[in-house]
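Shown next, in structure tokens, is the structure this report addresses.
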Protein chains: 2
Amino acid sequence: MGAHQQLVRENDTIDDVFVVQSGWTCIYKLLPDGGRQVLAFPLPGDIVGISFLTLGRALIALESISEAEVSPLSAAALARVRANHPRVARALDWSHARDVAILTEHLVNLGRRSALVRTGHFIIECAERLRLLGFDTDGGFDLPLNQYLLADALGLTSIHLNRVLRQLREADLATFRAGKFVIHDIKALRELAGFDGAYLAPPPRMP
Amino acid sequence: MGAHQQLVRENDTIDDVFVVQSGWTCIYKLLPDGGRQVLAFPLPGDIVGISFLTLGRALIALESISEAEVSPLSAAALARVRANHPRVARALDWSHARDVAILTEHLVNLGRRSALVRTGHFIIECAERLRLLGFDTDGGFDLPLNQYLLADALGLTSIHLNRVLRQLREADLATFRAGKFVIHDIKALRELAGFDGAYLAPPPRMP
DNA sequence: CGAAAAATTGACCAAACTCAAGGGTGGTGG
DNA sequence: CCACCACCCTTGAGTTTGGTCAATTTTTCG
């Protein structure tokens with residue numbers, strides 16, 4: 001599927017979850033005044049919409065932001081796999097718990113961190129998530145977003161985000177250009193962000 | 001149990017969930033700089049910590065803020081009740097999905113709403129949640145918090161929250177005093193907040 | 001090449017924070 | 001009964017952070 005395809009709209013009735021197989025996606029909510037808050041960027045392996053099966057309808061929208069593969073999975077199929085494969089069921093539970101942990105950290109980010117620290121935290125989180133997926137993020141990583149989308153995730157205007165990115169660049173911490181983050185000094189960036197990756201850690205013992 | 005009792009600290013290892021039976025509680029995260037972000041105020045009937053069973057340890061802290069009853073429930077007991085009572089299992093799923101929806105709305109609140117609108121939204125949400133629990137919130141409701149805690153929930157300083165509360169009072173929308181909100185004009189407040197309560201709605205058909 | 005999208009910048013403004021000082025209020029012990 | 005203390009609330013003055021408006025430049029892509 002191409003970039004910028006809408007897979008779920010707010011208030012859609014839902015019978016499937018969506019399994020991201022490759023590429024970048026985002027989930028968001030719109031506001032009456034036209035604003036948008038990006039809630040998360042589900043990555044390959046992530047499952048979107050588990051809770052909306054229970055609620056009966058989507059409270060958020062889902063969109064691809066790069067070329068992406070996203071597979072719908074019916075509630076019935078999900079229930080079957082859960083029933084027949086306890087280890088998979090546990091993995092699903094863990095995945096969902098981690099999603100909530102990421103959402104929670106995002107909330108903290110918006111509520112209690114300055115634009116600069118918040119942006120730094122976001123960068124480290126992305127790098128860490130990609131690293132756990134097996135990507136090498138030492139020097140940086142692809143993040144195929146424009147600054148509008150990034151700003152909507154970070155609760156900033158795109159203009160202010162632009163200035164924050166310049167600060168990061170001028171402090172030789174990280175550079176964002178053409179959909180790529182280059183990290184110059186990950187140690188300093190982690191320190192700036194006060195990053196504690198415990199919420200991303202895989203479970204103690206999992207298949 | 002009395003007010004201001006800590007039930008779970010961040011990073012505690014966890015074998016139980018906590019069922020709030022009566023009173024007000026809050027869950028929060030602390031920041032390296034001493035700041036605090038309150039994530040939610042679980043009310044009677046809410047269950048705290050389901051996802052931490054899966055993760056093995058708590059990523060948040062839980063505290064009572066008023067006189068409250070909170071019952072621990074072991075993972076084993078929870079699994080048993082799930083297995084034996086499908087309707088209860090469904091209710092638990094729904095409750096958890098709703099918690100995530102509330103968290104999500106809180107995130108939107110912090111990311112994209114002004115202090116005034118955000119505070120208004122919070123008030124309406126509380127009133128609505130209490131109403132769904134059977135309380136009469138037409139004129140207002142008890143909210144046994146101090147302004148520090150409320151500010152930490154809303155991502156504001158207590159000083160600024162105080163000014164926002166004054167604005168609400170002077171606009172004849174709502175008054176907060178001595179742990180009570182009095183709502184003067186709920187219609188106008190809803191409008192101010194752009195409140196859409198869909199995320200709180202009970203499921204289409206539930207026991 | 002040329003149009004559209006995205007990024008960047010400047011000047012100015014508004015929202016929210018900081019610092020500092022008072023005021024209430026309820027509880028406790030003298 | 002009152003003085004005192006702890007905790008919370010309130011307000012003012014000044015600063016900082018982030019937002020708004022309005023260009024201009026750069027990049028992307030057909």
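Because the structure is a prediction, the values reported are computed rather than measured. Residue numbers start from 1 in every chain, and the chains themselves are labelled A, B, ... in the order their sequence lines are given, proteins ahead of strands.
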Between [X] ([atom1]) and [N] ([atom2]), how many Å, whole number?
X      : N      : atom1 : atom2 : answer
A:L168 : C:dT8  : CG    : P     : 12 Å
B:L110 : D:dG18 : CG    : P     : 15 Å
B:L161 : D:dC9  : CG    : P     : 9 Å
A:Q167 : C:dT9  : CD    : P     : 12 Å
B:L154 : C:dA16 : CG    : P     : 11 Å
B:R112 : C:dA15 : CZ    : P     : 16 Å
A:H160 : D:dT17 : NE2   : P     : 9 Å
B:L165 : C:dA16 : CG    : P     : 13 Å

Report summary line: The residue, A:A115 or A:I159, whose nearest nucleotide of DNA chain D is more 5′ is A:A115

Report summary line: Residue pair A:R118/B:L145 against DNA chain D: nearer the 5' end by closest nucleotide is B:L145

Report task. Using the six-membered ring wherever Trp is involved, compare the ring planes of B:F41 and B:W24 and label them parallel, tilted or perpendicular (cut-offs 30° and 60°). Result -> perpendicular

[N] OP1/OP2 closer than 4.0 Å to side-chain N/O of [X]:
X      : N      : answer
A:Q147 : C:dA5  : no
B:R166 : D:dC9  : no
B:S114 : C:dA15 : no
A:N162 : C:dA7  : no

Query raised in the report: For B:L156, which contact category applies under a 4.0 Å heavy-atom criterion: base, sugar-phosphate, or nothing?
Result: sugar-phosphate

Query raised in the report: Heavy atoms under 4.0 Å, any strand shown: does B:G155 hit a base, just sugar-phosphate, or nothing?
Result: sugar-phosphate

Query raised in the report: Taking atom types as they are modelled, is there a donor-acceptor pair under 3.5 Å from the base of C:dT18 to the side chain of B:R163?
Result: yes

Query raised in the report: Got a donor-acceptor pair under 3.5 Å from the side chain of B:R177 to the base of C:dT25?
Result: no

Query raised in the report: Side chain of B:R82, backbone of B:A77: donor and acceptor closer than 3.5 Å?
Result: no

Between the side chains of [X] and [Y], does any donor sit under 3.5 Å from an acceptor?
X      : Y      : value
A:Y199 : A:E128 : no
A:S22  : A:E69  : yes
A:S51  : B:H96  : no

Report task. Calculate, to the nearest 0.5 Å, the distance between atoms CG and CZ belonging to B:L161 and B:R118 respectively. Result -> 10.5 Å

Query raised in the report: Are B:R129 and B:D46 ion-paired here, with the side-chain N under 4.0 Å from a carboxylate O?
Result: yes

Query raised in the report: Counting only heavy atoms not in A:E191, do more than 12 sit closer than 6.0 Å to its CD atom?
Result: no

**Report entry** Angle of first-five versus last-five pair axes in the helix from C:dC1-D:dG30 to C:dG30-D:dC1, to 10 degrees
**Finding:** 40°

**Report entry** 5'-most by nearest nucleotide on DNA chain C - B:R113 or A:H4
**Finding:** A:H4

